[in-house]
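Below is one structure, written out as structure tokens; comments come after it.
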Amino acid sequence: QPLSDYMKTHPGIRMQMKIANTAELLKELMNGEIQLAIVEGYFDRSAYGYEVWETERFIPVASAEYHFRKSPRNLPDLFRERLLIREQGSGSREILEKNLVAANYSLEDFSEQTEVNSIYAILQLLAENLGISFLYEPAARKGIRSGEFIEIPLRDFSVKHDFCFIWDKNSIFAEEYRKISGELKTARISG
């Protein structure tokens with residue numbers, strides 16, 4: 001919605017939008033193939049100009065109809081479930097991996113994993129009761145509100161992470177990028 005609002009208030013703007021994982025976007029930004037990116041993953045904050053767009057909860061999610069092998073209360077209770085996970089290079093995957101390591105676990109603790117390179121495909125697989133996943137709350141919000149999905153209540157997993165606008169820190173357009181990020185933040189807040 002914020003991008004839609006931005007395009008409506010700037011009818012003559014020419015832009016190209018690409019959806020890719022964090023690693024790909026960072027590479028393209030470094031190579032000058034793109035000028036501005038919104039990323040969820042980790043990046044070297046000393047190497048880029050950036051603005052935090054929003055901070056979101058990163059939550060475990062399943063279909064409301066999903067049958068757990070063990071009633072989940074703590075993270076290890078999910079290790080016997082099929083984990084639907086994004087591909088290598090995805091910010092979501094990196095955030096999950098780092099938070100698992102911080103809790104002295106790893107992806108290998110999950111007995112079954114299915115790697116999927118699309119959040120939309122993960123949502124579809126969740127809807128089909130084919131596993132559990134860890135997603136940003138906004139990605140699952142519509143399904144949670146409709147009762148299709150549930151947030152899996154865990155006592156030992158509480159993660160928030162930033163989405164950031166990033167650009168080449170030496171860009172002569174840095175102020176323009178800050179202005180764009182400010183307008184998109186305002187559109188998100190008012191929408």
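- The local environment of CG in Asn104 is sparse, with at most 12 non-hydrogen atoms from other residues, nucleotides or ligands closer than 6.0 Å.
- Panel note: side chain Lys169, backbone Ser46; a donor-acceptor pair is recorded below 3.5 Å.
- The ring-ring contact (aromatic ring centres under 6.0 Å, His included) search around Phe149 returns none, not counting sequence neighbours.
- The hydrophobic cluster containing Ile85 does not contain Ile119, counting ILVMFWY residues as joined when their side-chain heavy atoms lie under 4.5 angstrom apart, directly or transitively.
- Note that CD1 of Ile122 and CD1 of Ile132 are 10.5 Å apart. Values are rounded to the nearest 0.5 Å.
- Pairs passing the salt bridge (charged side-chain N to carboxylate O under 4.0 Å, His left out) check and including a residue from residues 143-159, sequence neighbours excluded, read Arg57-Glu151.
- When the ring-ring contact (aromatic ring centres under 6.0 Å, His included) test is applied to Tyr136, the partners found at least two apart in sequence or on another chain are Phe58, Phe163.
- Put simply, OG on Ser111 and CD on Gln113 are 9.0 Å apart, with the number rounded to the nearest 0.5 Å.
- At a threshold of 4.5 Å between side-chain heavy atoms, the hydrophobic network of Ile, Leu, Val, Met, Phe, Trp and Tyr places Leu83 and Leu135 in two separate groups.
- Between Arg93 and Glu97, at least one side-chain nitrogen of the basic residue sits less than 4.0 Å from a carboxylate oxygen of the acidic one, meeting the salt-bridge criterion.
- Evaluation of the side chain to side chain donor-acceptor pair (under 3.5 Å) rule for Gln88 yields no partner, not counting sequence neighbours.
- Electrostatic pairing of Glu94 and Arg86 does not count as a salt bridge here, judged by no charged N lying under 4.0 Å from a carboxylate O.
- In this structure Leu29 satisfies the side chain to side chain contact (heavy atoms under 4.5 Å, CB included) test together with Ile34, Tyr48, Ile166, sequence neighbours excluded.
- If you take OG on Ser181 and CD on Glu176, they are separated by 10.0 Å, rounding to the nearest 0.5 Å.
- Counting all heavy atoms, side chain and backbone alike, Ala140 lies closest to Val61 at CB-CG2, 4.0 Å.
- Partners of Asn170 under the side chain to side chain contact (heavy atoms under 4.5 Å, CB included) rule, at least two apart in sequence or in another chain, are Asp168.
- Trp53 is not connected to Val39 by any chain of hydrophobic side-chain contacts under 4.5 Å among Ile, Leu, Val, Met, Phe, Trp and Tyr, and they are in different clusters.
- Partners of Ser63 under the side chain to side chain contact (heavy atoms under 4.5 Å, CB included) rule, at least two apart in sequence or in another chain, are Glu65, Tyr66, Asn129.
- Atom CD of Glu87 sits about 4.5 Å away from atom CG of Asn21, to the nearest 0.5 Å.
- Counting heavy atoms from C-beta on, the side chains of Leu100 and Ser106 never come closer than 4.5 Å.
- Annotation: side chain to side chain donor-acceptor pair (under 3.5 Å) contacts involving residues 34-43, sequence neighbours excluded, comprise Glu40-Ser92.
- Side-chain contact between Phe157 and Asn74: absent, with no pair of heavy atoms (C-beta onward) separated by less than 4.5 Å.
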Discussion item. Leu126 vs Leu84, test: side-chain contact (heavy atoms from CB on, under 4.5 Å). Steps then yes/no.
Written reply: CA-CA 8 Å; Leu126 287 172; Leu84 305 171; 3.8 Å; yes
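- Of all heavy-atom pairs between Ala139 and Leu123, the closest is O-CD1, 3.6 Å.
- In this structure, Met30 places its CE atom where only 12 or fewer heavy-atom neighbours from other residues, nucleotides or ligands lie under 6.0 Å away.
- Under the 4.5 Å side-chain heavy-atom criterion for grouping Ile, Leu, Val, Met, Phe, Trp and Tyr, Ile59 is not connected to Ile95 through any hydrophobic cluster.
- Applying the under-4.5 Å side-chain rule to Ile, Leu, Val, Met, Phe, Trp and Tyr, the cluster around Val101 consists of that residue alone.
- The shortest non-hydrogen separation linking Arg45 to Cys164 is NH2-SG, 3.7 Å.
- In this structure, Leu25 and Ala37 approach most closely via the heavy-atom pair CB-CB, 4.3 Å.
- Rounding to the nearest 0.5 Å gives a distance of 10.5 Å between CD of Glu51 and CG of Leu36.
- Contact check for Pro72 versus Leu154: side-chain heavy atoms found under the 4.5 Å cut-off.
- A salt bridge (charged side-chain N to carboxylate O under 4.0 Å, His left out) check over residues 11-25, counting only residues at least two apart or in different chains, returns the pairs Lys18-Glu28.
- Under the 3.5 Å distance criterion, the side-chain polar atoms of Thr55 are left unmatched by any main-chain donor or acceptor of Asp162.
- Here ring pair (Phe, Tyr, Trp, His ring centres under 6.0 Å) pairs that include residues 89-114, with residues two or more places apart or in two chains, are Phe79-Tyr105, Phe79-Phe110.
- Of the charged side-chain nitrogens involved, none lies within less than 4.0 Å of a carboxylate oxygen, so that Glu33 and Lys27 do not count as a salt-bridged pair.
- The CG atom of Leu125 sits 7.5 Å away from atom OG1 of Thr114, with the distance rounded to the nearest 0.5 Å.
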Discussion item. Let's go through Phe165 and Val52 carefully: what are the C-alpha distance in whole Å and the side-chain angles of both, what is the deciding distance for side-chain contact (heavy atoms from CB on, under 4.5 Å) to 0.1 Å, and is it a yes or a no?
Written reply: CA-CA 6 Å; Phe165 291 95; Val52 174; over 6 Å; no
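- Put simply, Ile144 and Ile152 are part of two different groups of oily side chains (I, L, V, M, F, W, Y) that touch within less than 4.5 Å, one to the next.
- Residue Ala64 comes nearest to Gly147 through the heavy atom pair CB-O, 3.1 Å, listed as atom of the first residue, atom of the second, then distance.
- Two residues are said to be in side-chain contact when any heavy atoms from C-beta on lie closer than 4.5 Å; Phe68 and Asp77 fail this criterion.
- Using a distance-only test at 3.5 Å, with no hydrogens or angles considered, no donor-acceptor pair links the side chain of Ser171 to the main chain of Trp167.
- Partners of Ala121 according to the side chain to side chain contact (heavy atoms under 4.5 Å, CB included) rule, which considers only residues two or more places apart in sequence or in another chain, are Val116, Ser118.
- Side-chain contact check for Asn99 versus Phe134: every heavy-atom pair is 4.5 Å or farther apart.
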